[in-house]
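Structure first, then comments.
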Amino acid sequence: MDFEIFTLAATMCREYMEADESKQPERKTLDDRNRMTDLERLRHSCAHVMATAILRLWPDAQFAAGPPVENGFYYDVELQHRISPEDFPAIEAEMKQEIKANRLFEKVVVPREQGLKDSESGRLGGLSERPGNPSKFKLGNLADIPEGEPITYFKSGDFIDLCAGPHVMRTGNIGAYKLTSVASAYYKGDENNPQLQRIYGTAFKNKTELEAYFNMLEEAKRRDHRKIGQEMGLYTIDADFTGPGLPLWLPKGGAIVEELEKLAKETEFLAGYVRVKTPHIAKEVMYKTSGHLPYYAESMFPAMRLPIENEAVVQARIRDIQKNEDRFMDEVPQNSEQFEAFIRDRRSTFTREHKELRQLEAGLEAGELYYLKAMNCPHHHRIFAAEPRSYRDLPLRLAEYGTCYRYEQSGELFGLMRVRSLNMNDSHIYCTPEQFAQEFNAVNEMYLKYFKIFGIEKYVMRFSTHVKEGLGKKYVNEPELWIQTENMVRDVLKTSGINFVEVANEAAFYGPKIDVQVWSVIGREFTLATNQVDFAVPRKFGLVYRDRDNTEKTPLCIHRAPLGTHERFIGFLIEHYAGNFPLWLAPEQVRVLTIGEDEPLVNYAKAIVQELRANMVRAEGDYSNDKINGKIQQAELAKVHTMLVIGPRDMAANAVSVRVHGKGSLGAKPKAEVVADILAAVRERRA
RNA sequence: GCCAGUUUAGCUCAGUGGUAGAGCAGCAGUUUUGUAAACUGCGGGUCGUCGGUUCAAAUCCGACAACUGGCUCCA
């Protein structure tokens, strides 16, 4: 392996990490703030009202920052008393008084000295001066305001706050509000700063909108993939024995996994992909080359140490070479003429042996460590490297449902959405620059095809690009390649009419990337997958193809995973469909329910189940002696897609009575017709 | 990892220091059925784990674990 390239990559990686750590959040300009939407204004004003209410109850409270956020607002407060949801009614009651008083939000521009004075006296973020209790966080905020920018207060009743606004006219404009939760946060997001209590709330123009918001939350709760996953028996997380973040797919969830893989395999086959299969572990050198180690070691499972098979032989050879080197040093002549002849004579042997020594030593040290893979790309790169490649072999599209392991922090784990073992719908497309646009476009088309199948109507592709200043630091220093690949990506996105936004300075280290965000039917946002253009790592792995002109060139690599991971994608689908999967995905597609348990009737039902199963339909039979209403209830609660109710009347007519989950009874139909329709719906993956 | 909350039967949950409960699910019977639950009975628990306080702990205290909300949003 090429040590220089590795060293270079390591250096760049380190620089990237350091650059990332020191990244300061950019300060919002006053212009940005004035672009606040009406709703944000209202929520920010509500934060002031909440602060006023908290001060009425606990006058010594110290406030830090209280911005509007996506679904409401918060205010960070330092207070001896630990605020809990039990305190919310009291705070809300005080807020009600403030809003009823309909106080004016008055803006006052003050000189900096005034700001300092009012911070010292505790007046800022307070209802009155508080001797001995200065507004320390406001003082800190004041220091962040650049010279020349005006310093403004907003005053509503007794409450005066250091604040750039903007606000609504009067507290009475706040139509409907509610406190929602309390969390902890560090002042200015820095863990070296004091920890504050963050009180979250939300506010709307009127009660109707507030209620609609809470109804949406309720609906989201009903659809929560953890709840439905439990109820439907899709997966379980056995924290005690298997481990946290390591989901076990139960048979019903396994059925969904299988269907998704089938879909991916068919789609990818038709798109000219070839399937590969790679192990779950690899030697340390793999991840040193890829750049994961040591800088990403924290998000990988700790290494396992394997004994080196021929350690004794290796060590004997190392000793031999070391002896040779010692002898070489001893034999070096003092005389300069002889020295040159000596060097000429011995140089090639010495360098060969020295290189071997370094390799053996590295092998002793590195070869014994194995890591669980956090990504499939390195394995795929090695498959590319396994044979000499010609431009005629490209594009080479290696696809695999690969299982990766990432050691997410325990607090980050979340149902199926954030796990430690993940099955990726992964593929790496190696292509020439000339082929890039077409390949990238084909990937996008695959996304759109999937969106259609799953009824995903709202999506956006976030196209992240580099900025020149970051070259060689945050981004690999290849100015032309960046511009070239970004232009190619942008052109494809534009000409294909795909919905995308471009975000500067958020690209990956190795190349521009596209994050795909989708919205479920109830409007919850999910990040499904990341597409990445990679022009750096293939080079680190020394991947080349021989081009028409008989020179070796490094291929471009497109990293894509339209179905993301099984874990996250199925989590999304559960919430998207509320567990009511379309027939082709439904864990239990058909259940045949008999009215009574007469033998001929049960035999007729069993024959139908058999016929469906012979056609790979997941069909079950309920031949128990429960009442038919009871059986239907059971099947509906289990979200069985199609129920075939069979009584003596149906058997006599060689028919079945069809009932579809959520749609009710569809009446009796000829058996053959029903079976044919079920098979067609599955085959076509009907919504 | 940090802050907070939660953890009682397979599931959903009640139980504020004095004999561990309900519904559903499971099992055994009875019932013989036409589109969202027929009836009876039975089994099922070291109350997350470990330690402490107490005559007595599911209940009070502490540690740990798992789960959940938050930890990106900046006057």
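Only this structure's heavy atoms are used, side chains among them; waters, hydrogens and symmetry mates stay out. Nothing here was measured: the structure is a model prediction, and the numbers come from that model. Reminder, nothing fancy here: chain letters follow the sequence lines and each chain counts from 1.
Counting non-hydrogen atoms under 4.0 angstrom, Y153(A) reaches nothing in the nucleic acid. Across all strands shown, R649(A) has heavy atoms under 4.0 Å from base atoms, whether or not it also approaches the sugar-phosphate. Residue-level contact check: S657(A) touches the bases, meaning some heavy atom is under 4.0 Å from a base atom. Counting non-hydrogen atoms under 4.0 angstrom, E231(A) reaches nothing in the nucleic acid. Note on G415(A): only backbone sugar-phosphate atoms sit closer than 4.0 angstrom, heavy atoms only; bases stay farther off. Using a 4.0 Å heavy-atom distance criterion, D76(A) is classed as making no nucleic acid contact.
If you measure from atom CZ of R222(A) to atom P of U12(B), you get 17 Å, rounded to the nearest angstrom. The distance between atom CZ of R226(A) and atom C1' of U12(B), rounded to the nearest whole Å, is 16 Å. F73(A) has its CZ atom 16 Å from the P atom of G70(B), to the nearest Å. One atom, CD1 of I199(A), and another, C1' of G69(B), lie 13 Å apart when rounded to the nearest Å. Rounding to whole angstrom units, CD of residue Q409(A) and P of C71(B) are separated by 14 Å. Between R198(A) atom CZ and C74(B) atom P there is a gap of 10 Å when expressed in whole angstrom units. Rounded to whole Å, atom P of U30(B) lies 10 Å from atom CD of E597(A). When the C1' atom of C74(B) is taken as reference, atom OH of Y200(A) falls 12 Å away, rounded to whole Å.
Among A66(B), C71(B), U33(B), the nucleotide with an atom closest to any side-chain atom of I595(A) is U33(B). Here the nucleotide nearest the side chain of P244(A), chosen from A66(B), C11(B), G70(B), is A66(B).
Judged as a ring pair (Phe, Tyr, Trp, His ring centres under 6.0 Å), and not counting sequence neighbours, Y371(A) has no contacts. Listed by chain and residue number, E588(A) satisfy the side chain to side chain donor-acceptor pair (under 3.5 Å) test with R591(A) (two or more places apart in sequence, or in another chain). With sequence neighbours excluded, no residue satisfies ring pair (Phe, Tyr, Trp, His ring centres under 6.0 Å) with F214(A). In terms of the side chain to side chain donor-acceptor pair (under 3.5 Å) criterion, residue partners of K136(A) (sequence neighbours excluded) are, by chain and number, E78(A). Residues satisfying the side chain to side chain donor-acceptor pair (under 3.5 Å) criterion with Y235(A), sequence neighbours excluded, are absent altogether. By the ring pair (Phe, Tyr, Trp, His ring centres under 6.0 Å) test, W58(A) is found to be paired with H81(A), residues two or more places apart in sequence or in another chain being considered. For E129(A), the side chain to side chain donor-acceptor pair (under 3.5 Å) test picks out no residue, with sequence neighbours left out.
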Show each protein N/O and nucleotides 3-8 of chain B N/O combination with a separation under 3.5 Å, one pair to a line.
unit_1, atom_1, unit_2, atom_2, d
C3(B), O4', S184(A), OG, 3.4
C3(B), O4', Q195(A), NE2, 3.4

Check nucleotides 36-43 of chain B for protein N or O atoms closer than 3.5 Å to its own N or O atoms and list the pairs.
unit_1, atom_1, unit_2, atom_2, d
A36(B), O4', Q633(A), OE1, 3.4
A36(B), O3', Q633(A), OE1, 3.2
A36(B), N7, R659(A), NH2, 2.8
A36(B), N6, E636(A), OE1, 3.1
A36(B), N3, Q633(A), OE1, 3.0
A37(B), N7, Q633(A), NE2, 2.5

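Nucleotides A58(B) and A20(B), compared at atom P, are 8 Å apart to the nearest Å. A distance of about 24 Å separates the P atoms of A14(B) and G26(B), rounded to the whole Å. Look at the P atom in both G18(B) and C71(B): the space between them is 41 Å, to the nearest Å. Remark: the separation of the P atoms in A63(B) and C55(B) is 24 Å, to the nearest Å. Taking the C1' atom of each, G17(B) and C47(B) are spaced 15 Å apart, rounded to whole Å. Here the separation of U8(B) from C13(B), taken at their P atoms, is 9 Å to the nearest Å. Comparing C3(B) with U46(B), their C1' atoms are spaced 32 Å from each other, to the whole Å. Straight-line distance between the C1' atoms of U7(B) and U49(B): roughly 11 Å, to the nearest whole Å.
Checked against a 6.0 Å centroid threshold, the rings of Y200(A) and F73(A) do not count as neighbours. The distance between the ring centers of H225(A) and F414(A) falls below 6.0 angstrom.
Across all strands shown, the partner of G5(B) is C67(B), judged by Watson-Crick or G-U wobble contacts whose two distances both fall under 3.5 Å. Across all strands shown, C27(B) forms a Watson-Crick or G-U wobble pair, both distances under 3.5 Å, with G41(B). Remark: C73(B) base-pairs with no nucleotide in the shown strands. Criterion, Watson-Crick or G-U wobble with two distances under 3.5 Å. Under the Watson-Crick or G-U wobble criterion, with both distances below 3.5 Å, A22(B) is paired with U12(B). In a base pair of the Watson-Crick type (N1 to N3 plus N6-O4 or O6-N4) or a G-U wobble (N1-O2 and O6-N3), with each distance short of 3.5 Å, U46(B) is matched with no nucleotide.
Sparse packing is recorded around CE of M169(A), with 12 or fewer heavy atoms of other residues, nucleotides or ligands lying under 6.0 Å away.
Relative to the six-membered ring of Y407(A), R420(A) meets both conditions, a distance below 6.0 Å and an angle of at most 45° to the axis.
The aromatic rings of H167(A) and H44(A) sit parallel, their planes meeting at an angle under 30°, below the 60° perpendicular limit.
Looking at which nucleotide of RNA chain B each of S181(A) and Q230(A) is closest to, the 5′-most match is held by Q230(A). Where A64(A) and D598(A) meet RNA chain B, the nucleotide closest to each residue was compared, and D598(A) sits on the side nearer the 5' end.
A donor N or O paired with an acceptor N or O is not found under 3.5 Å between the base of G48(B) and the side-chain atoms of D240(A).
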